[in-house]
Amino acid sequence: MKKILLILSFSMGIYASAQEELKKDSVVVDTIKYWSVLGKNSLMINQAAFSNWAGGGANNVGWLAGVNYNITYEKDNDLWENIIALDYGQNDTKGLGVRKTQDVINVSTNYGRKFSQSWYFSLGAGIQSQFAAGYEDGNNPAAKKISNFMAPGYLNVGMGITYRPNDNLTVTMRPTNARWTFVLDKELQYAGSYGLKNDGDTSLLQFGFLGTALYKVKLMENVHITNTASVFSNYLDHPERLVLAYGAALNFKVNKFISSNVTLDLLYDHNQVQKTQMKQTLGIGFAYILNNGVKRSDRKDSQWWIKK
């Protein structure tokens, strides 16, 4: 009897094990991530101190904080990309006080429906502004105010086509794009300010063509550069007066938590200043990068442009 029970127990164990293996083999694991989140949170610090220095100089300390996220949904023929870029920085110089050095709000969303390989019909919107007031004479608060939160602020809404062969290159062309310029600070609501037609106006509507591009390049290990560019032409008034913008961000990653950034921004907007505007920053500090894993378009089986 004991032998029979032993044989039955052994048989049941083999059966249960076989069933478990069968279940494991029958489960299809989907490793594709339709949502991807790539984000960078950074805090850059710079400081200089002088004591009996013959060359002169003023003690100063500065900081720059940034939150930059790219949140993408990609499944079958659908592509939805969201970009959040928030940056703010200040510098405190002895004898001069606190000055703003960086101030950016840039949030955009773009949905596309694929109609051909790497090509999408797209619809999107974006908003640009700044957090705090800006002044002439190097952001001196005692000087004349020239900007503020949503003064100006820009809202773009339009439709067109997007070309996106991989995660490093995105080009969007919108032949139908509405561009609102907002000036919500009453002190800046006068004719000619950011294109306003009359004193007291709070906004200006333009309609035209908007083209944007983003191109990321890996120069070497832990050294990347991100290029952005845009062009806008107003069909309704002086279409030859293009609004041109270019930005470059060079990132040197030291380790998981420390990196250095060099940025360059160029802008020409006839309604702001009839000259080319330039801004450059350099910083080193703490940076935490969030990456939820390999995106669908990073998978080798979707990279048709790479020769297998």
Side-chain angles (χ1 to χ4, degrees), residues 40-50 55-70 83-108 128-141 143 145-149 152 154 194 212-220 222-232 242-254 258-287 289:
K40 181 179 180 181
N41 308 289
S42 59
L43 177 61
M44 305 294 177
I45 305 294
N46 57 74
Q47 182 267 342
F50 303 86
N59 297 347
N60 66 83
V61 60
W63 62 274
L64 171 63
V67 175
N68 294 269
Y69 276 78
N70 187 312
I83 296 176
I84 302 171
L86 308 174
D87 296 285
Y88 191 79
Q90 292 180 324
N91 184 276
D92 187 0
T93 303
K94 184 178 180 180
L96 294 177
V98 178
R99 300 285 191 271
K100 180 175 66 172
T101 57
Q102 182 80 311
D103 194 353
V104 174
I105 298 175
N106 192 343
V107 180
S108 65
Q128 297 174 314
S129 189
Q130 58 189 37
F131 290 100
Y135 303 88
E136 290 182 343
D137 187 26
N139 277 321
N140 179 5
K145 184 194 297 183
I146 57 174
S147 62
N148 207 342
F149 174 71
Y154 298 98
Y194 298 105
T212 63
L214 181 147
Y215 182 45
K216 302 176 183 177
V217 181
K218 179 180 179 180
L219 300 179
M220 60 185 69
N222 295 328
V223 180
H224 299 79
I225 184 170
T226 300
N227 300 276
T228 58
S230 67
V231 56
F232 176 77
L242 302 179
V243 179
L244 303 170
Y246 169 76
L250 183 63
N251 178 259
F252 303 87
K253 183 179 178 182
V254 179
I258 298 177
S259 69
S260 178
N261 289 328
V262 180
T263 68
L264 173 67
D265 292 283
L266 300 174
L267 172 65
Y268 180 83
D269 186 344
H270 188 86
N271 287 335
Q272 289 191 13
V273 181
Q274 296 177 26
K275 296 180 181 179
T276 300
Q277 303 176 53
M278 185 188 76
K279 179 179 64 177
Q280 184 270 326
T281 66
L282 168 64
I284 184 169
F286 301 98
I289 295 177

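These numbers were taken from a predicted model, which means no experiment stands behind them. In what follows, every heavy atom counts, from backbone to side chain, and hydrogens, waters and symmetry copies are set aside.
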Give the minimum heavy-atom separation between Ser230 and Thr212, together with the two atoms involved. CB-CG2, 4.0 Å
The criterion is side-chain hydrogen bond (donor to acceptor under 3.5 Å, both in side chains); which residues satisfy it with Thr93, sequence neighbours excluded? Asn91
Quick check for you: to the nearest 0.5 Å, what is the distance between Met44 atom CE and Trp63 atom CH2? 13.0 Å
Over all atoms of both residues, closest heavy-atom pair of Thr101 and Lys279: O-CD, 4.5 Å
Can you find a heavy atom in the side chain of Ser260 that is under 4.5 Å from one in the side chain of Leu250? no
Do the side chains of Val217 and Tyr215 get nearer than 4.5 Å, heavy atoms only? yes
Which atom pair, heavy atoms only, marks the closest approach of Asn148 to Ala133? OD1-N, 3.4 Å
How long is the span from the CG atom in Asp87 to the CG atom in Asn68, to the nearest 0.5 Å? 5.0 Å
Roughly how far, to the nearest 0.5 Å, is the CD1 atom of Ile289 from the CG atom of Asn41? 9.5 Å
Find the distance between CG (Asn251) and NZ (Lys216) and round it off to the nearest 0.5 Å. 11.5 Å
Is it the case that the side chain of Thr276 and the backbone of Leu267 share a donor-acceptor pair, with hydrogens and angles ignored and the cut-off at 3.5 Å? no
Are the side chains of Phe232 and Asp269 in touch, meaning some heavy atoms are under 4.5 Å apart? no
With Asn222 via side-chain hydrogen bond (donor to acceptor under 3.5 Å, both in side chains) - residues at least two apart: none
Could you measure the distance from the CD atom of Gln277 to the CG atom of Leu244? Nearest 0.5 Å is fine. 11.5 Å
In the structure I gave you, are the side-chain heavy atoms of Phe286 and Ile45 within less than 4.5 Å of one another anywhere? no
Side-chain heavy-atom pair His270, Leu242 within 4.5 angstrom cut-off: no
Do Thr263 side-chain atoms and Gln280 backbone N/O form a donor-acceptor pair below 3.5 Å? no
With a 4.5 Å heavy-atom cut-off, do Gln272 and Tyr194 have their side chains touching? yes
Can you label the angle between the Tyr88 ring and the Phe131 ring as parallel, tilted or perpendicular, going by 30° and 60°? perpendicular
Pair Asp137, Tyr135 - check side chain to side chain contact (heavy atoms under 4.5 Å, CB included), show working. CA-CA 7 Å; Asp137 187 26; Tyr135 303 88; over 6 Å; no
Are Leu219 and Ile225 packed together at the side-chain level, in the sense that at least one heavy-atom pair is separated by less than 4.5 angstrom? yes
How far does CG of Asn70 sit from CG of Leu214, to the nearest 0.5 angstrom? 8.0 Å
Quick test of your reading: applying salt bridge (Lys or Arg N to Asp or Glu O under 4.0 Å), list the pairs with at least one residue in residues 90-106, sequence neighbours left out, ordered by first then second residue. Lys100-Asp103
